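Just so you know, these numbers use all the heavy atoms, side chains as well, and skip hydrogens, waters and symmetry mates. Owing to the predicted nature of the structure, the values given are computational and were not obtained by experimental measurement.
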Amino acid sequence: MKQGRIVLNQQARQVTPLADGKLLLDNGNPLADSPQWLAPVTGTVYGVALNHRSLLEQLEAEFQQPPYQKAPATPVLFIKPRNTHAGHGSTIALPTQAGKVFAGGALGVVIGKTASKLTEQQALDVVAGYTIVNEISLEESSFYRPAVKAKCRDGFCPMGPWLVDAAALDPLNVEIRSYLNGELAETNHSRDWLRSVPQLIAALSQFMTLQPGDLIIPATPLRQLEIRPGDTVAVEIAGIGRLENRLIAEESAQ
């Protein structure tokens with residue numbers, strides 16, 4: 001089953017897709033107008049840095065330098081706060097004086113039950129479903145401590161439009177396709193993640209309680225897909241759908 005969140009008459013409403021492509025409201029009525037989409041979740045969004053093989057291999061030499069002299073042995077986390085959350089079709093403002101900006105097509109793992117101190121074998125039992133995320137970021141110089149200014153700008157975490165049930169997707173076998181202005185620009189796969197979804201859920205739940213509606217971004221690849229004002233960026237995952245957003249200059253949004 002797929003479900004999404006929209007704004008209708010200034011209220012958040014749930015919708016499901018019909019076979020003809022139209023939307024059904026949570027009261028059983030069809031939606032007549034084109035919707036304004038919201039992010040499909042309202043909880044905390046946790047990102048995992050350095051969990052994609054391409055990124056770790058690119059930075060291997062840097063990890064041998066002081067003060068660390070080795071790659072992190074445990075997941076490196078960051079948070080995408082509420083101001084970053086945006087829905088499908090939202091216009092996202094990019095800063096023009098802060099350097100390069102990169103898209104980060106990713107899977108979003110949505111927690112459905114309160115979860116604390118789980119084993120890997122228990123981890124998938126608390127997953128409500130999956131969605132699509134574009135983890136947008138400025139170019140980063142430190143991966144041990146992901147920069148707030150790089151990752152936490154307004155609109156830098158569009159999600160959706162659909163949340164699909166956990167049974168609809170195998171998180172160990174996911175291909176993520178990113179498009180720039182209608183052209184396929186990047187493909188990455190869950191087989192290149194260093195830690196799987198069950199491993200990450202188990203690890204995070206050892207020191208913090210995950211709540212229903214929280215979302216985990218398991219990995220993003222090496223940042224290569226640069227985006228600019230005027231572009232349209234989209235992320236697709238088979239079985240979930242397509243997340244698409246138009247980009248403008250931050251100054252144009254004032």
Salt bridge present between Arg223 and Glu135 (N-O < 4.0 angstrom)
yes
Under 4.0 Å between a Lys/Arg side-chain N and an Asp/Glu carboxylate O for Glu236 and Arg242?
yes
Between the side chain of [X] and the main-chain N/O of [Y], is any donor-acceptor distance below 3.5 Å?
X	Y	answer
Asn188	Pro221	no
Asp231	Arg228	yes
Lys151	Thr84	no
Gln122	Thr119	yes
His88	Gln36	no
Asn173	Asp170	no
Asn51	Pro218	yes
Asn245	Ile92	no
Ser116	Thr209	no
Asn181	Thr232	yes

So ring-ring contact (aromatic ring centres under 6.0 Å, His included) across residues 149-170, not counting sequence neighbours, yields Trp37-Trp162
Quick one: [atom1] on [X] to [atom2] on [Y], what's the gap to the nearest 0.5 Å?
X	Y	atom1	atom2	result
Ser190	His52	OG	NE2	9.0 Å
Ile227	Phe102	CD1	CZ	9.5 Å
Leu247	Ser90	CG	OG	11.5 Å
Thr220	Trp193	OG1	CH2	10.5 Å
Glu244	Arg246	CD	CZ	11.0 Å
Leu118	Leu204	CG	CG	10.5 Å

Determine, using the 4.5 Å side-chain heavy-atom cutoff (strictly less than), whether Ile176 and Leu184 are members of one ILVMFWY cluster.
no
Report yes if the side chains of [X] and [Y] come closer than 4.5 Å at any heavy-atom pair, otherwise no.
X	Y	answer
Asn29	Leu24	no
Met159	Leu215	yes
Phe207	Lys117	no
Thr114	Pro212	yes
Lys22	Leu31	no
Ile216	Leu210	yes
Leu25	Ile6	yes
Ile136	Pro158	yes

Tell me which donor-acceptor pairs under 3.5 Å the side chains of residues 10-18 have, and how far apart each pair is, sequence neighbours excluded?
unit_1 : atom_1 : unit_2 : atom_2 : d
Arg13  : NE     : Asp26  : OD1    : 2.9
Arg13  : NE     : Asp26  : OD2    : 3.4
Arg13  : NH2    : Asp26  : OD1    : 2.8

Leu107 and its side chain to side chain contact (heavy atoms under 4.5 Å, CB included) partner, picked from Ile217, Ile132, Leu169
Leu169
Under the criterion side-chain contact (heavy atoms from CB on, under 4.5 Å), I'd like the reasoning laid out for Val48 against Leu77: C-alpha separation, chi angles, the key distance, then a yes or no.
CA-CA 5 Å; Val48 184; Leu77 304 179; 3.9 Å; yes
